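Remember, it's 1-based here, ligands and their atoms both numbered in the order they're listed. Keep in mind the model is a prediction, meaning the values are calculated, not measured.
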Amino acid sequence: MNAPPMPDAPRCDRTAAWAALSGHFQAHGRELDLREAFARDAGRFAALSFEAAGVFADLSKNLLDIATLHFLAELAKQCRLPERRDAMLAGATANPTEGRAVLHTALRAPRGSDAPHEAEVHEVLDRMLAFAEQVRADAQLTDIVNIGIGGSDLGPQMAVQALAARGRPDKRLHFVSNVDGHDLAPLLARLDPAHTLFIVASKTFTTQETMANAAAARDWFVARGGRDIARHFVANTTNLEAAADFGITTTFGFWDWVGGRYSLWSAIGLPIAVAVGAEAFRELLAGAHAMDRHFATAPVARNLPMLLGLLDVWYRNFHGFPSRSVAPYDQRLARLPAFLQQLEMESNGKRVDLQGEALPFATSPVVWGEPGTNGQHAYFQMLHQGSDVIPVEFILVKTPDHGLADQHAKLLANGLAQAQALMRGKTEAEALAERAPTAAGDPAVIARHRSFPGNRPSTSFVLDALTPTSLGALLALYEHRVWTSGALWGLNSFDQWGVELGKALAGALLPRLTAQALDTQGLDGSTAGLLARLRG
Ligand code: F6P
C-alpha cells in the first residue's frame, strides 16, 4: 500500500481563523444567552440540529450561533482538517511518534470498499466470527471471561452491556481487568473450568495486569483439573508469538495500526461477537462504517463529528470549560462514560504538539458521567448551581428494549427536563415568588439559594433504538470527534506515552514490596514511608 504523506497544517492558534474566532468570542460568543437566542429565533432548533448515520444531534442548546459555526468551520479549513482526514483514512502515518498509520476505519469497511488492508481484515474477521458462532453453539461453554484492560476491556465490556438484550441466557460474559485479585478471585470461585472459556485480550501481550490475571487463570484452570488449554484459552493480540509462548494456540491477530482504544472493531471485539452473534457484530461494524462515510464525505459545516470536535475546542479554549459530562439516559450505556474517558483523555490528554512544542492552550477536558437518572441524585446539583460551567451531553433512546412504558416515559422526561433546567435556570425573583416549603430565615437569602443561573449548555443525542448499528455509529462519531479536536490542537491523538512512567516505576517498586528486607534507598520520603507502612 502506498500511503500518502500527512499534509502539513498550521496549529489552530496560528491561523487567521483563530484570531477571527477570538474576536467573535469577545464580541458575541461570551455573552450569548440561550434563552434570548431561542426567543429571538424560532428556527434555532432546526438550524442547529444535525443527523448522521441515524444519530440525531441537537446542538441548539449550546453557546453558539450560526455565525460561530461559520468561524469554526473556517478554522477547520485553515487547519486543513479535510486534507488531514483524507490522508489518515488513506493510511498516512497519523501516529508519527510511533511511526504508525491509524486505520481503525479499515476494520469496519465492507468487502469491496477498497479500504486499506482489506484482505487481512476480512480474513481475521471471518475466522473470529466463525469462532464466536462455534462458542455460541457449544453448550459446554457457559462462562466466557475476557481478561484485558484499557482498550482491551472497556469497549467490549461497554458494548456487551449495551447490547445485552441480544445476548443469550446460556452464555455469561465476564470481564476481568484489574490486577487487584478482588477482580479475578471472586469470579474464579464461581466458575467451573470445564465450562469456561478465557479470552486473553492484549494488543501487546505484555501488559502487567493482563499477564498476571491470565497466568492466575491458567494456574487455576490446571489446578482444578483443566487440561485442554487449546479449547479453554484464546488470545486476541498483535503479538502472536507471545501468545504462543504463553501456551495459547487459538489466536486472532490485529495490527499496529489499530490503537488499543480504537480496537473493539478488531479481534478484541470477540466477546461482543460471542454475546450477540456474528450477524449483529457485522451490524455494529456497518453502523460505524456509515458514520465513517459521513465523516469522510460531509462538508465541514454539516459534518457532525467535526462540528462536535470544533465545539469542544470552542468550549475548552474560548469559554475555558474544564470538563464535559456525559449522561446516557439509558442504563445499557452505563459503561459508555468510562469508555469515553479512555477514548478522549488518553487520546488528547497531551501538552505538546506534533513538533514537540509546548502548547499555550488547554487540551482534553475531563470527561466523566453516569447514566441518568442516577447522576441527577448525585452530582447534578453541581451542574446546575456549581461555580464551573460544565457542558452536558445527553443521550436519549426513543424505543427501549423492555416493556415498562411508564418508566421509559419518566426516563425521557427527566433527560429532557435536565437539559431544559440547565438552560432555563430560575431567577431569584421566580424563586421568591414560589412558596418555599422551609421558609425559615430571610426570604431573599433563601431565594438566592433556590435560584439557578441557567444558560448552561448541553447537547442531546437521540437514537431511535439502541441496536448494534446505532451503537456502532455513535461510537464512531465519538472517535472522529476526538480526532477533530486533537487535530485542531496539533496533537498526536494516537500515542499514550503518559502511561509509561508509572508502569516503569511500578516495575521497580515491585521487588521492594516483596523482598525480605525493607529497602528504601533512593526513594523520596513519602514513597519510602508508604512502602514501609504497606509492608507492615
Ligand atoms: O497503559 C495504557 C494502554 O497501553 C492502553 O492504551 C491500552 O488500551 C491498554 O494499556 C492495554 O494494552 P494492551 O491491549 O496491550 O494490553
> For the residue pair Trp257 and His117, is the inter-centroid distance of their aromatic rings smaller than 6.0 Å?
Replying inline: yes
> Heavy atom of Glu500 under 4.0 Å from ligand 1?
Replying inline: no
> Looking only at N/O atoms, are Glu346 and ligand 1 under 3.5 Å apart anywhere?
Replying inline: yes
> For ligand 1, which atoms have a heavy atom of Gln496 less than 4.0 angstrom away?
Replying inline: 6 (O)
> So, is the end of the Arg218 side chain (NZ or CZ) under 6.0 Å from the ring centre of Phe246 and within 45° of the ring's axis?
Replying inline: yes
>> Quick check on Gln342 - does any of its heavy atoms sit under 4.0 Å from an atom of ligand 1?
In response: yes
>> What protein heavy atom lies closest to atom 12 (O) of ligand 1? Include the residue and the distance to one decimal.
In response: Thr207 OG1, 3.4 Å
>> Taking the basic N atoms (NZ, or NE/NH1/NH2) and the acidic carboxylate oxygens, is any pair closer than 4.0 Å for Arg136 and Asp170?
In response: no
> Is Arg111 salt-bridged to Asp126, cutoff N-O under 4.0 Å?
Replying inline: yes
>> Looking only at protein heavy atoms, which one is nearest to atom 15 (O) of ligand 1, and what is the separation?
In response: Thr204 OG1, 2.6 Å
> Among all protein non-hydrogen atoms, which one is nearest to atom 4 (O) of ligand 1, and what is the separation to 0.1 Å?
Replying inline: Lys503 NZ, 3.8 Å
> Does the side chain of Gln157 pick up a donor-acceptor pair with the side chain of Asp153 at under 3.5 Å?
Replying inline: yes
>> Within ligand 1, which atoms have a heavy atom of Gly150 less than 4.0 Å away?
In response: 8 (O)
>> Evaluate Gly151 for polar contact with ligand 1, using N/O atom pairs at a separation under 3.5 Å.
In response: yes
> For ligand 1, does Lys203 get within less than 4.0 Å through its side chain, its backbone, both, or neither, judged by non-hydrogen atoms?
Replying inline: both
> Are the side chain of Asn213 and the backbone N or O of Asn178 linked by a donor-acceptor pair below 3.5 Å?
Replying inline: yes
>> Looking only at the side chains, is there a donor atom on one of Asn303 and His480 sitting less than 3.5 Å from an acceptor on the other?
In response: no
> Is ligand 1 under 4.0 Å from a heavy atom in the side chain of Val499, in the backbone, in both, or in neither?
Replying inline: side chain
>> Under a 3.5 Å threshold, yes or no: a donor from one side chain and an acceptor from the other, between Asp524 and Thr527?
In response: yes
> Looking at atom 9 (C) of ligand 1, what's its closest protein heavy atom, distance included?
Replying inline: Ile149 O, 3.7 Å
